[in-house]
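Let me begin by presenting the structure, written as structure tokens, before commenting on it.
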Amino acid sequence: MSGAAVVVGYSSSWARALVQISPYTFSAIGIAVAIGVSVLGAAWGIYITGSSLIGAAIKAPRITSKNLISVIFCEAVAIYGVIVAIILQTKLESVPTSKIYAPESLRAGYAIFASGIIVGFANLVCGLCVGIIGSSCALSDAQNSSLFVKILVIEIFGSALGLFGVIVGIIMSAQATWPSK
């Protein structure tokens, strides 16, 4: 009787469930999160920057064209996600059915998954950061045009956060080695 309880408890544990999910599923989810959440961050940043830019352009129409750089920085965040998704896609290799659940396969799937999660959420935060700074850049430029370059430098540093996420994601994806055939 106690042996049956142990088997039931073991079969319903999280560790058992994670090992039974195909590493290809984890890889696909990681790739989808990398591109999807990065695009979400870019869209959110564009929304924040664009609404402030249009509002401030009513007072000072001269700011519209030069403050579009903030929207371009936000769009770069989505491009980071696309680039990493392509890199992660190239990491996928076919594995014989007998080796799908081998430890090396699981490690490769988890590495691609973790890489996608890190890149996606780093770019989400980066998009928000660039969007908020771009919003303040547009509003301050409408008041005082000498502040544009100073705030633009801060926006460049905010955009670098997304690149750091991309670099960490690429380093983590290097751990994705599938078993040989």
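We're numbering straight along the sequence, starting at 1. Small disclaimer: the values here were computed from a predicted structure and weren't measured. Just the heavy atoms: all of them, side chains too, but no hydrogens, waters or symmetry mates, feed the values below.
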Check your understanding: How is the hydrophobic cluster of Ile167 composed, in terms of its other members, when Ile, Leu, Val, Met, Phe, Trp and Tyr link through side-chain heavy atoms under 4.5 Å apart, directly or indirectly?
Key -> Ile171
Point to revise | Whichever hydrophobic residues join Leu147 through chains of side-chain contacts under 4.5 Å | key: Ile133, Ile151, Ile154
[X] with [Y], same ILVMFWY side-chain cluster at under 4.5 Å:
X: Val166; Y: Val125; answer: no
X: Leu106; Y: Ile29; answer: yes
X: Ile48; Y: Leu139; answer: no
X: Ile54; Y: Ile46; answer: no
X: Val33; Y: Leu40; answer: yes

Check your understanding: Could you give all pairs that pass the ring-ring contact (aromatic ring centres under 6.0 Å, His included) test and reach residues 50-107, with sequence neighbours left out?
Key -> none
Study note, to complete from the structure: Residues pairing under ring-ring contact (aromatic ring centres under 6.0 Å, His included) where one sits in residues 142-181, two or more places apart or in two chains, turn out to be Tyr24-Trp178
Practice item. Taking the side chain as every heavy atom from C-beta outward, state whether Ser70 and Val130 have any pair of such atoms under 4.5 Å apart. Key: no
Indicate every side-chain donor-acceptor pair of residues 107-121 with a distance under 3.5 Å to a residue at least two apart or in another chain.
| residue | atom | partner | partner atom | Å |
| --- | --- | --- | --- | --- |
| Arg107 | NH2 | Gln175 | OE1 | 2.5 |
| Tyr110 | OH | Leu18 | O | 3.0 |
| Ser115 | OG | Gly169 | O | 2.6 |

**Study point:** Donor-acceptor under 3.5 Å (Ser173 side chain, Ile170 main chain)
**Key:** yes
Minimum heavy-atom distance between [X] and [Y], given as atom pair plus value:
X: Pro23; Y: Ser105; value: CB-O, 3.3 Å
X: Gly162; Y: Cys126; value: N-SG, 3.4 Å
X: Gly45; Y: Cys74; value: C-SG, 3.5 Å

Review point. Looking at residues at least two apart in the chain, or sitting in another chain, which of them share a side chain to side chain donor-acceptor pair (under 3.5 Å) with Ser65?
Key: none
Revision key, fill the gap. Here the salt bridge (charged side-chain N to carboxylate O under 4.0 Å, His left out) pairs for residues 135-164, sequence neighbours left out, are Arg62-Asp141, Lys66-Asp141
Can you sort out the partners of [X] under side chain to side chain contact (heavy atoms under 4.5 Å, CB included), two or more places apart, ordered by chain and number?
X: Ala78; answer: Val39, Ala42, Glu75
X: Leu53; answer: Ile63, Asn67, Leu68, Ala138
X: Gln143; answer: Lys59

Revision key, fill the gap. side-chain hydrogen bond (donor to acceptor under 3.5 Å, both in side chains) pairs touching residues 37-52, sequence neighbours excluded, are Ser38-Asn123, Ser52-Ser135
Review point. About how many Å separate OG of Ser180 and NZ of Lys99, when rounded to the nearest 0.5 Å?
Key: 5.0 Å
Result block: side-chain N/O donor-acceptor pairs under 3.5 angstrom for residues 81-96, not counting sequence neighbours:
| residue | atom | partner | partner atom | Å |
| --- | --- | --- | --- | --- |
| Thr90 | OG1 | Ile87 | O | 2.5 |
| Ser94 | OG | Lys181 | NZ | 3.0 |

